[in-house]
There are 2 protein chains.
Amino acid sequence: MSTADAPSAPVQRDTRQRRAVAGALAATEEFRSAQEIHALLRDSGDKVGLATVYRTLQAMADGGEVDVVRSEAGEARYRRCAVDHHHHHLICRVCGRAVEVEGPAFEQWASAVAREHGFADVTHTLELTGTCPDCA
Amino acid sequence: MSTADAPSAPVQRDTRQRRAVAGALAATEEFRSAQEIHALLRDSGDKVGLATVYRTLQAMADGGEVDVVRSEAGEARYRRCAVDHHHHHLICRVCGRAVEVEGPAFEQWASAVAREHGFADVTHTLELTGTCPDCA
DNA sequence: TTATCTGCAAACATTTTGCAGCGAG
DNA sequence: CTCGCTGCAAAATGTTTGCAGATAA
């Protein structure tokens, strides 16, 4: 056996582009689409190819570094995933603003339902979409 | 003013294609993608253009006749929205089996959260994914 | 050096749209 | 008869991929 027989850590190289994408994500709380990030970076002067943005975000999502949701328009939107405890978002369908929402009651309900049906290893995806006070 | 001054009811014509799409949706409980429905109809012998399927589903979604969710792959999936009381699905990630789940407690929690943040017209998408007893 | 990453552009999949003709009302 | 609906195919999105060259380790 070698010193490292765990192929599960495909460590990424530390490149300017990767840092730029990570930086753009770190700069905000909100969900951003790949194209938004690409535009944002170009704006900041960091030139990163669109494909690279996509590849980087995908890699980050695989590594669990970012959360991904699908907008109603069908685009993937990414956000840095710093929080340990699970929470969800209430998203305004007009301005896209996202409010973080905690739901202990909901979490409990979900586990209860899963257990009741004998399902194991249950995860959930929850999105609340509405019109926020400012956009009403 | 005319006898009907409510422009909010752009009544759709009753066509063979529209009926076919509605039929395909009525035939199942599950969410279907536009392309699946198109294939399904072709299979049944009803020939409906793909564009028409898209247009029809979109119209139905606008009219609130169907629910729409986005799959993780980014496609839109439609389901007839006949049920008065809202319910969700607990889906097995191995065999794909879906169990219907009711969640009055969850519904209440969702409305409460929405109200608390001043959001109006809030809808939610909830998916529970796990491994069912048979596939464990 | 060498394997990975990047950029570009072409390939892809899904959904939308323009236009001529069909068909419901 | 009229106007909306349909079908086809082309266009528009959003995302992925092949390849040659750049670059981190």
Side-chain angles (χ1 to χ4, degrees), chain A residues 2-4 7-25 31-63 65-79 96, chain B residues 2-4 7-25 31-42 44-63 65-79:
Chain A
S2 62
T3 49
S8 48
V11 185
Q12 330 265 24
R13 282 189 183 170
D14 184 20
T15 67
R16 176 182 62 79
Q17 292 84 343
R18 198 169 294 269
R19 226 185 317 257
V21 171
L25 279 171
F31 281 95
R32 292 258 125 101
S33 72
Q35 315 236 17
E36 280 175 339
I37 291 176
H38 178 240
L40 222 62
L41 291 178
R42 165 173 302 173
D43 187 63
S44 319
D46 296 303
K47 266 198 303 186
V48 181
L50 179 57
T52 300
V53 173
Y54 274 106
R55 277 188 280 232
T56 302
L57 288 173
Q58 211 168 250
M60 286 174 151
D62 283 347
E65 298 176 53
V66 296
D67 277 337
V68 194
V69 299
R70 288 272 169 186
S71 73
E72 289 197 3
E75 339 167 288
R77 308 187 67 81
Y78 304 83
R79 203 197 62 158
Chain B
S2 60
T3 50
S8 49
V11 185
Q12 330 267 21
R13 281 191 184 168
D14 185 20
T15 67
R16 176 182 63 80
Q17 291 85 342
R18 199 167 291 268
R19 226 186 315 258
V21 171
L25 280 170
F31 281 93
R32 295 254 117 105
S33 72
Q35 315 238 14
E36 280 176 338
I37 291 177
H38 178 239
L40 223 61
L41 291 179
R42 166 174 300 173
S44 318
D46 296 303
K47 268 198 301 188
V48 182
L50 178 58
T52 299
V53 173
Y54 274 106
R55 279 189 279 229
T56 303
L57 288 173
Q58 211 169 247
M60 285 175 152
D62 283 346
E65 298 176 52
V66 297
D67 278 337
V68 193
V69 300
R70 287 273 169 185
S71 74
E72 287 197 6
E75 337 167 291
R77 307 187 67 81
Y78 304 82
R79 196 191 60 165

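Throughout, a chain's letter reflects where its sequence line sits, starting with A, and its residues are numbered from 1. Small disclaimer: the values here were computed from a predicted structure and weren't measured.
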[X] side-chain N/O to [Y] backbone N/O, donor-acceptor pair under 3.5 Å:
X: S71(A); Y: A73(A); answer: yes
X: E36(B); Y: S33(B); answer: yes
X: R16(A); Y: K47(A); answer: yes

Tabulated below should be each protein N or O lying under 3.5 Å from an N or O of nucleotides 20-25 of chain C; please produce it.
| unit_1 | atom_1 | unit_2 | atom_2 | d |
| --- | --- | --- | --- | --- |
| dG23(C) | N2 | R13(B) | NH1 | 2.5 |

Tell me: [atom1] of [X] to [atom2] of [N], nearest whole Å?
X: H38(A); N: dT13(D); atom1: NE2; atom2: C1'; answer: 16 Å
X: D46(A); N: dG7(C); atom1: CG; atom2: C1'; answer: 15 Å
X: D62(A); N: dC5(C); atom1: CG; atom2: P; answer: 13 Å
X: R19(B); N: dC5(D); atom1: CZ; atom2: P; answer: 14 Å

Only one of [options] passes side-chain contact (heavy atoms from CB on, under 4.5 Å) with [X]; say which it is.
X: T15(A); options: Q12(A), R13(A), R19(A); value: R13(A)
X: L25(B); options: E65(B), R79(B), M60(B); value: M60(B)
X: Q17(B); options: V53(B), V48(B), T56(B); value: V48(B)

Nucleotides 11-17 of chain C: which of its N/O atoms have a protein N/O under 3.5 Å away?
| unit_1 | atom_1 | unit_2 | atom_2 | d |
| --- | --- | --- | --- | --- |
| dT15(C) | OP1 | A76(B) | N | 2.8 |
| dT15(C) | OP2 | Y54(B) | OH | 2.4 |
| dT15(C) | O5' | Y54(B) | OH | 3.4 |
| dT16(C) | OP1 | Q58(B) | OE1 | 2.7 |
| dT16(C) | OP2 | Q58(B) | OE1 | 3.0 |

What's the closest nucleotide to the side chain of R18(B) if the choices are dG7(C), dG7(D), dC5(D)? dC5(D)
Between the side chains of Q35(B) and Y54(B), does any donor sit under 3.5 Å from an acceptor?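 Side chains of Q35(B) and Y54(B): pair found under 3.5 Å.
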How large an angle, rounded to 10°, do the end axes of the helix from dT1(C)-dA25(D) to dG25(C)-dC1(D) enclose when each is built from five base pairs?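 Its terminal axes enclose an angle near 40°.
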Contact summary for [X] and [Y], nearest pair of heavy atoms:
X: R77(A); Y: F31(A); answer: NH2-O, 3.2 Å
X: A24(B); Y: L40(B); answer: CB-CD2, 4.4 Å
X: A61(A); Y: V68(A); answer: CB-CG2, 3.7 Å
X: V21(B); Y: L57(B); answer: CG1-CD2, 3.9 Å

Please tell me if Q17(A) has a side-chain N or O lying less than 4.0 Å from either OP1 or OP2 of dG7(C). yes
